Amino acid sequence: MSKPIIKKIIPFDAGKDHEIFISWSGNRVYGNRIVIRDEKDPETVVFDDTAVSFSLAHTIPAGTLLNGREYSVQAVVFDREGTPSPASAKTNFYTYVTPDFYFHNLPEDHVLTNASFDASMYYFSPNWEGIDNYRFYLYDTEKKELLCSDMLYDDMYLNYTFRSLESGRRYYLRCVGVTIHGMPLDTGYVEVTVKYETPDTYARLYAVNDPKQGCISVSTNLIIIQYNGTEEFKYHNSFIDLIDRTLYYDKGFLVEGDFTLMIRGTHLWQTKEIFKMKNDTEGLTLSSRIYTDGTLRFKLTVPNGIGHYILYTEPLRFSDADLITICLRRVGSIYQLQCFTEIHFSPSGDMWYGFNKPTRDVQKYDSWFYEDSVLHKIRKEEITVHTESSRPEHAAKYDLWFGKWKEG
């Protein structure tokens, strides 16, 4: 007579009913028996139960075992005469308290006020069961899958940004994972509503009627601030050149409450402090660091009186020519940090010469010349413009001359 086989048992919470399954090749089964022992004391039986059923399954009632333990189980099955089969091979399994696993930064009313949501997960296992991997999902109102993230493995920063959420729509968010011993994790379907305004212009005008004065007061959310210093700065394609320079403002504005800050620039592949903001009681520092594996991370440090509130971006790889946008947001006492990269950024005013058209769309004020079969890009900073009436005697290769040319 063959032996039954106990199917693989993933870790489960001993505080809940759990069903184990048996595989059997032989006559029809009329019952089964399981015997469970604690691996710390294999001689002691902690559960011995017989079930009269055609089913090849057996339920371990809640509270029968203790969490945080390793157990072994064996099974036998019975035919209609009650004849038992040989005992199965021992199968070991673990019991753990169900870890806490949920979205911890959702608004109380589950209303998202932006087109993107930087979801952050809370995970805690009382039995110190580590998380192995997880995925994020987005569903429509019919729970049809709209998005599935890549498999993620970072057990320190369980974050993911949902983007392109449409205002006026309802969605379901979900995160599904597994622990290092195979215990499943699932937030379930979490319903959210997206509601935000899309302004027609960046700046708004606010009009308030003052009947006592017979006038209307008009205000805007734009503040003009003045640089405090004597150093001169140069502008290129709407960007200010801050290489080896520091620009600071200390008058004319005040940041209070929640805010969003965006920093855009190139030549940010460096280990350096990039931005500081402070008042008499609080402040923050944004810095960058290049790691030995060839990646860079931006770091936000906010002193809180006891230690530091620290956030990192994901590891990044980009070149000095790429345009980097760093977004920093504070809501209450919670900060968010996100970085976007525009590869091969091409500002207007660039110049090329060669046989082929530039691979990127030519911007307004760009120039493109034919010369040979190879396409060359000319840095504007390397060009000298000559406006003499006669041809320059010492013009370099990339120089430009605007004047009258006489044949011969």
Side-chain angles (χ1 to χ4, degrees), residues 8-18 62-63 65-71 92-112 114 116-139 143 145-163 165 171-192 295 297-302 304 306-316 328-339:
K8 181 180 179 180
I9 305 173
I10 62 175
F12 62 89
D13 191 332
K16 303 175 183 178
D17 289 351
H18 187 78
L65 308 177
L66 298 175
N67 280 315
R69 301 287 185 89
E70 182 183 5
Y71 294 94
N92 286 42
F93 63 90
Y94 296 88
T95 55
Y96 296 116
V97 176
T98 302
D100 293 326
F101 186 65
Y102 56 84
F103 295 97
H104 84 89
N105 65 331
L106 278 173
E108 289 186 8
D109 57 2
H110 285 206
V111 175
L112 307 182
N114 286 287
S116 63
F117 175 62
D118 189 9
S120 182
M121 299 300 302
Y122 178 84
Y123 175 78
F124 174 72
S125 168
N127 300 120
W128 299 99
E129 170 76 344
I131 188 170
D132 182 69
N133 62 72
Y134 50 96
R135 289 180 186 269
F136 289 87
Y137 295 86
L138 180 70
Y139 303 87
K143 295 184 179 178
E145 184 180 306
L146 302 176
L147 176 147
C148 174
S149 74
D150 294 335
M151 187 74 75
L152 304 174
Y153 301 94
D154 190 340
D155 59 357
M156 293 185 63
Y157 303 102
L158 280 68
N159 297 336
Y160 182 78
T161 301
F162 293 94
R163 295 188 173 89
L165 303 176
Y171 297 92
Y172 288 97
L173 309 183
R174 187 183 182 192
C175 188
V176 176
V178 64
T179 68
I180 57 175
H181 285 107
M183 193 172 191
L185 304 168
D186 193 342
T187 63
Y189 296 90
V190 180
E191 185 178 13
V192 296
T295 63
R297 277 189 172 190
F298 292 102
K299 173 185 177 183
L300 174 67
T301 305
V302 183
N304 62 10
I306 300 175
H308 291 308
Y309 186 113
I310 295 177
L311 285 178
Y312 291 91
T313 62
E314 297 179 353
L316 304 168
L328 169 62
R329 188 183 185 203
R330 185 179 75 184
V331 179
S333 59
I334 304 299
Y335 288 83
Q336 297 174 328
L337 183 63
Q338 190 72 34
C339 182

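All values below were derived from every heavy atom in this structure, side-chain atoms included, with hydrogens, water molecules and symmetry-related copies excluded. From a predicted model like this one, the values you see are computed outputs, not experimental measurements.
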Visitor: How are the rings of Y122 and H104 set to each other: parallel, tilted or perpendicular (split at 30° and 60°)?
Guide: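 The arrangement is perpendicular - the two ring planes meet at more than 60°.
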Visitor: When rounded to the nearest 0.5 angstrom, what is the spacing between CZ in R163 and CG in D118?
Guide: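 Those atoms lie 8.5 Å apart.
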Visitor: Indicate the atoms forming the closest heavy-atom contact of G177 with F101, along with that distance.
Guide: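 Distance-wise, the nearest heavy atoms are N-CE2, 4.4 Å.
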Visitor: Could you report the tightest heavy-atom contact between N105 and S120, atom names first, then the distance?
Guide: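 The answer is OD1-N, 3.1 Å.
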Visitor: Of all the heavy-atom pairs spanning L158 and Y123, show the shortest one and how long it is.
Guide: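 Smallest interatomic distance, heavy atoms only, reads CD2-CB, 4.1 Å.
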Visitor: Hey, could you give me the CG/CE distance between D132 and M183, rounded to the nearest 0.5 Å?
Guide: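 So the CG of D132 and the CE of M183 are separated by 14.5 Å.
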Visitor: If we ignore hydrogens and angles and just use 3.5 Å, is the side chain of N114 paired with the main-chain N or O of S116 as donor and acceptor?
Guide: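 Not confirmed, N114 side chain does not pair with S116 backbone.
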Visitor: Would the distance check show the side chain of D13 and the main-chain N or O of V97 forming a donor-acceptor pair, the cut-off being under 3.5 Å?
Guide: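 A pair under 3.5 Å: no.
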Visitor: Apply the test side chain to side chain contact (heavy atoms under 4.5 Å, CB included) to residues F103 and L173: give CA-CA distance (whole Å), side-chain angles for both, the deciding distance (0.1 Å), then the verdict.
Guide: CA-CA 9 Å; F103 295 97; L173 309 183; 3.9 Å; yes
Visitor: Anything under 30° is parallel, anything over 60° is perpendicular, the rest tilted; go ahead and classify Y160 against F136.
Guide: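 The arrangement is parallel - the two ring planes meet at less than 30°.
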Visitor: I'd like to know whether CD of E314 has more than 12 heavy-atom contacts from other residues, nucleotides or ligands below 6.0 angstrom.
Guide: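 No - once you tally the heavy atoms of other residues, nucleotides and ligands closer than 6.0 Å, there are 12 at most.
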Visitor: Is the shortest side-chain heavy-atom distance between I10 and P184 below 4.5 Å?
Guide: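 Yes. Closest side-chain heavy atoms under 4.5 Å.
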Visitor: Measure the acute angle between the ring planes of H18 and F12, then classify it against the limits of 30° and 60° as parallel, tilted or perpendicular.
Guide: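 The arrangement is parallel - the two ring planes meet at less than 30°.
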Visitor: Over all heavy atoms of both residues, which pair between V190 and T187 is shortest? Give the atoms and the distance, please.
Guide: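 Answer, listing the atom of V190 first, then T187: CG2-O, 4.2 Å.
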Visitor: Between N127 and N67, do the side chains contain a donor N or O and an acceptor N or O under 3.5 Å apart?
Guide: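 Result is no, nothing qualifies.
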Visitor: Any side-chain heavy-atom pair from I131 and T179 closer than 4.5 angstrom?
Guide: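 Not in contact.
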Visitor: Check the pair L316, C339 against side chain to side chain contact (heavy atoms under 4.5 Å, CB included), reporting the backbone distance first and the verdict last.
Guide: CA-CA 9 Å; L316 304 168; C339 182; 3.6 Å; yes
Visitor: Any chance you could measure Y71, atom OH, to R69, atom CZ, to the nearest 0.5 Å?
Guide: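 So the OH of Y71 and the CZ of R69 are separated by 5.0 Å.
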Visitor: Given 3.5 Å as the limit, does a donor-acceptor pair link the side chain of D17 with the main chain of A62, or not?
Guide: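 Yes, because the side chain of D17 sits within donor-acceptor range (under 3.5 Å) of the backbone of A62.
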Visitor: Search all heavy atoms of L337 against all heavy atoms of K299 and return the closest pair with its distance.
Guide: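 Between these two residues, the closest heavy atoms are CD2-C, 4.4 Å.
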Visitor: Rounded at 0.5 Å granularity, tell me how far CG in L66 sits from OG1 in T95.
Guide: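 Reported value, rounded in 0.5 Å steps: 7.0 Å.
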Visitor: Hey, could you give me the CG/CZ distance between L328 and F298, rounded to the nearest 0.5 Å?
Guide: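 Nearest 0.5 Å value for the CG-CZ distance: 12.5 Å.
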Visitor: Would you check if there is a donor-acceptor pair between the side chains of Y189 and R174 at a distance under 3.5 Å?
Guide: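 There is such a pair between these side chains.
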Visitor: So Y134 and D154, side chain to side chain contact (heavy atoms under 4.5 Å, CB included) or not? Walk me through it.
Guide: CA-CA 9 Å; Y134 50 96; D154 190 340; 3.9 Å; yes
Visitor: Would you compute the distance between atom CG of L152 and atom SG of C175 and round it to the nearest 0.5 angstrom?
Guide: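 Between L152 CG and C175 SG, I get 8.0 Å after rounding to 0.5 Å.
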Visitor: Under a 4.0 Å threshold between the charged nitrogen and the carboxylate oxygen, would R135 count as salt-bridged to D150?
Guide: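 No, this pair does not count.
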Visitor: Does a donor on one side chain and an acceptor on the other come within less than 3.5 Å for H181 and E129?
Guide: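 Yes - a donor-acceptor pair under 3.5 Å links their side chains.
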Visitor: May I ask you to check whether Y171 and Y139 place their ring centers less than 6.0 Å from one another?
Guide: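 Centroid distance Y171-Y139: not below 6.0 Å, so no.
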Visitor: Main chain of Y335, side chain of Y309: is a donor-acceptor contact present, judged purely on distance under 3.5 Å?
Guide: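 A pair under 3.5 Å: yes.
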Visitor: Determine, stepwise, if the pair L112 / L106 fulfils side chain to side chain contact (heavy atoms under 4.5 Å, CB included).
Guide: CA-CA 8 Å; L112 307 182; L106 278 173; 4.1 Å; yes
Visitor: What are the two closest non-hydrogen atoms of P11 and G182, and how far apart are they?
Guide: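 Nearest heavy atoms, P11 then G182: CD-C, 4.0 Å.
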